2 protein chains.
Amino acid sequence: MGVKTENGFQITRDQAIPGPDAMLATLTKAGYSNTRARRSVLEALFDANGQASPAELLALGRAHHPALGIVTVYRTLEVLSELGLVRKLHQDDGCHTYAPVQHHHGHYVICERCHRTIEFEGCDIAAVVASVESQTGFQVREHWLEMFGLCPDCRLEHPGAV
Amino acid sequence: MGVKTENGFQITRDQAIPGPDAMLATLTKAGYSNTRARRSVLEALFDANGQASPAELLALGRAHHPALGIVTVYRTLEVLSELGLVRKLHQDDGCHTYAPVQHHHGHYVICERCHRTIEFEGCDIAAVVASVESQTGFQVREHWLEMFGLCPDCRLEHPGAV
DNA sequence: TTAGAAATTGATAGTCATTTTCAGTTTTTT
DNA sequence: AAAAAACTGAAAATGACTATCAATTTCTAA
Ligand SMILES: [Mn+2]
Ligand SMILES: [Mn+2]
Ligand SMILES: [Zn+2]
Ligand SMILES: [Zn+2]
């Protein structure tokens, strides 16, 4: 799904979405060093199933850079978050996973069975925000939204599932 | 905001919303013992500013029952969650707070300055869910939604704030 | 009201994700 | 290539949360 071009972007039918190379470019443009550890974390992010925990990224990243350490995974994710290149997803058990950002205002749907995660855009909750503001008197500045369900593959394997 | 009646409900203009006594009734009806520790946690939940962390509930609860222990706070919150009487809110730092449930399908707005939290209802994201399902092929089963902004009081103190 | 059974409690001791420290290494700059 | 700056990973620390267990409280059935 998507072809990688020389400039580091992946092409889908209708738009260019960033891949590891594009993110690395953003990183260096922001003044961060181009290091083997950071490259391996970026590769790991895209090797994953749409999202991954720091421990999973360590395992995936070591395929590219065996000496990679968990602390650097955390530190790289923090930098990527600051630059808006990844988002932290909240798991019910309190742990976190990270997903690459492909749309400016994106949220994620997570498969409850295989944990495949896809970012979606087009979240239009302006009406809900307006209603909340009038109900509560709050001025709303941002929101979190995560959806859970079954991905297409898991729906096929569990035809009876809700 | 709301008057407590003998049966444990608080009355607002248009509806009865549960208070500590009503929740205690639900608890005992479900077969759990009516204990001093549980009562103190319920009181603490309503003494708080709309939400509170387990540590904050411990402190608030000890005003009612000085021997209260943190483990019991966690255990009580787990029971209350199972019964649908509280919801766990996710903090950006990974910790959690708990808020009493007053509406069946409610979500929360949280003040970024004073952390006052109000539950709102009327979240209608059916259109968003439909769009996500057709965009991704997922079948959506549930969602998380939290909003952040400024409460009425904090807006007054920070007139320039966005 | 009372005795025994069942449920609950809280101190203590884990567990585990995440953070801090720090000396050594890699990358960048000159 | 040398010096400065940035980065790295091992090890230790932190802190939210969980498991254990003996002691206490609450409930049930006389
Ligand atoms: Mn949105
Ligand atoms: Mn909703
Ligand atoms: Zn799936
Ligand atoms: Zn406020």
Side-chain angles (χ1 to χ4, degrees), chain A residues 23-44 48 51-83 86-98 115, chain B residues 23-44 51-83 85-98 115:
Chain A
M23 290 195 175
L24 182 63
T26 303
L27 214 61
T28 56
K29 203 167 301 174
Y32 292 96
S33 302
N34 174 346
T35 68
R36 194 170 178 194
R38 283 179 182 149
R39 272 179 268 132
S40 71
V41 173
L42 283 173
E43 294 289 344
Q51 71 172 162
S53 66
E56 287 164 346
L57 291 171
L58 177 68
L60 290 169
R62 281 183 167 167
H64 301 273
H65 175 33
L68 181 64
I70 186 70
V71 179
T72 298
V73 173
Y74 278 101
R75 283 191 287 228
T76 301
L77 289 170
E78 193 183 340
V79 171
L80 295 175
S81 292
E82 275 166 12
L83 295 175
V86 301
R87 291 201 188 92
K88 188 200 273 188
L89 302 189
H90 297 253
Q91 308 281 103
D92 203 25
D93 64 7
C95 299
H96 301 102
T97 59
Y98 293 81
H115 301 111
Chain B
M23 291 196 176
L24 183 62
T26 303
L27 214 62
T28 55
K29 203 167 301 175
Y32 292 95
S33 302
N34 174 346
T35 68
R36 193 170 178 194
R38 284 178 181 149
R39 272 179 268 134
S40 71
V41 173
L42 283 172
E43 295 289 346
Q51 70 172 162
S53 65
E56 288 164 345
L57 291 171
L58 177 68
L60 290 169
R62 281 184 166 166
H64 301 272
H65 178 212
L68 181 64
I70 187 70
V71 179
T72 299
V73 173
Y74 279 102
R75 283 191 287 229
T76 302
L77 290 170
E78 193 184 340
V79 171
L80 295 176
S81 292
E82 275 164 14
L83 295 176
L85 296 173
V86 301
R87 290 200 189 92
K88 188 201 274 189
L89 302 189
H90 297 253
Q91 307 283 101
D92 203 26
D93 66 7
C95 299
H96 301 102
T97 58
Y98 293 81
H115 301 111

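The chains referred to below are lettered A, B, ... by the order of the sequence lines, with proteins before strands, and numbering in each begins at 1. Since the structure is predicted, the reported quantities are computational estimates derived from the model, not experimental observations.
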Atom [atom1] of [X] to atom [atom2] of [N]: distance rounded to whole Å?
X       : N      : atom1 : atom2 : answer
B:Asp92 : C:dA17 : CG    : P     : 19 Å
B:Leu27 : C:dA7  : CG    : P     : 15 Å
A:Tyr74 : C:dT19 : OH    : C1'   : 9 Å
B:Gln91 : D:dC17 : CD    : P     : 10 Å
A:Tyr32 : D:dA5  : OH    : P     : 18 Å
A:His90 : C:dT18 : NE2   : P     : 11 Å
B:Ile70 : D:dT18 : CD1   : P     : 11 Å
A:Asn34 : D:dT8  : CG    : P     : 10 Å

Between [X] and [N], is there a side-chain N or O to OP1/OP2 distance below 4.0 Å?
X       : N      : value
B:Thr35 : C:dA7  : no
A:Arg38 : D:dC7  : yes
B:His65 : C:dT8  : no
B:Thr72 : C:dG10 : yes
B:His96 : D:dA16 : no

(Q) Looking at B:Gln91, I'd like to know if its CD atom is crowded, meaning that more than 12 non-hydrogen atoms belonging to other residues, nucleotides or ligands lie closer than 6.0 Å. (A) yes
(Q) Please determine whether the number of non-hydrogen atoms from other residues, nucleotides or ligands lying under 6.0 Å from atom CD of A:Glu82 exceeds 12. (A)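 Yes.
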Q | Which residue lies more 5' along DNA chain D, comparing B:Ser33 with B:Tyr98 via nearest heavy atoms | A | B:Tyr98
(Q) I want to confirm an ordering. Mapping B:Glu78 and A:Gly69 to their closest nucleotides on DNA chain D, which one lands closer to the 5' end? (A)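 Upstream on the strand: A:Gly69.
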Q: Determine yes or no for a side-chain-to-main-chain donor-acceptor pair under 3.5 angstrom, with B:Lys88 supplying the side chain and B:Leu77 the backbone.
A: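 No, B:Lys88 side chain to B:Leu77 backbone: no donor-acceptor pair under 3.5 Å.
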Q: Kindly say whether B:Leu24 contributes a backbone atom to a donor-acceptor pair with the side chain of B:Arg39 at under 3.5 angstrom?
A: no
Q.
Can you confirm whether A:Leu68 sits close enough to A:Leu58 that some side-chain heavy atom of one is under 4.5 Å from a side-chain heavy atom of the other?
A.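 Side chain of A:Leu68 against side chain of A:Leu58, heavy atoms only: contact under 4.5 Å found.
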Q) Reckon B:Arg75 touches a base, only the sugar-phosphate, or nothing at all at heavy-atom distances under 4.0 Å? A)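 It contacts base atoms.
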Q: Quick one: label A:Ala67 by what it contacts on the DNA or RNA (base, sugar-phosphate, nothing), any heavy atom closer than 4.0 Å.
A: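 Sugar-phosphate contact only - A:Ala67 comes under 4.0 Å of backbone atoms but never of a base.
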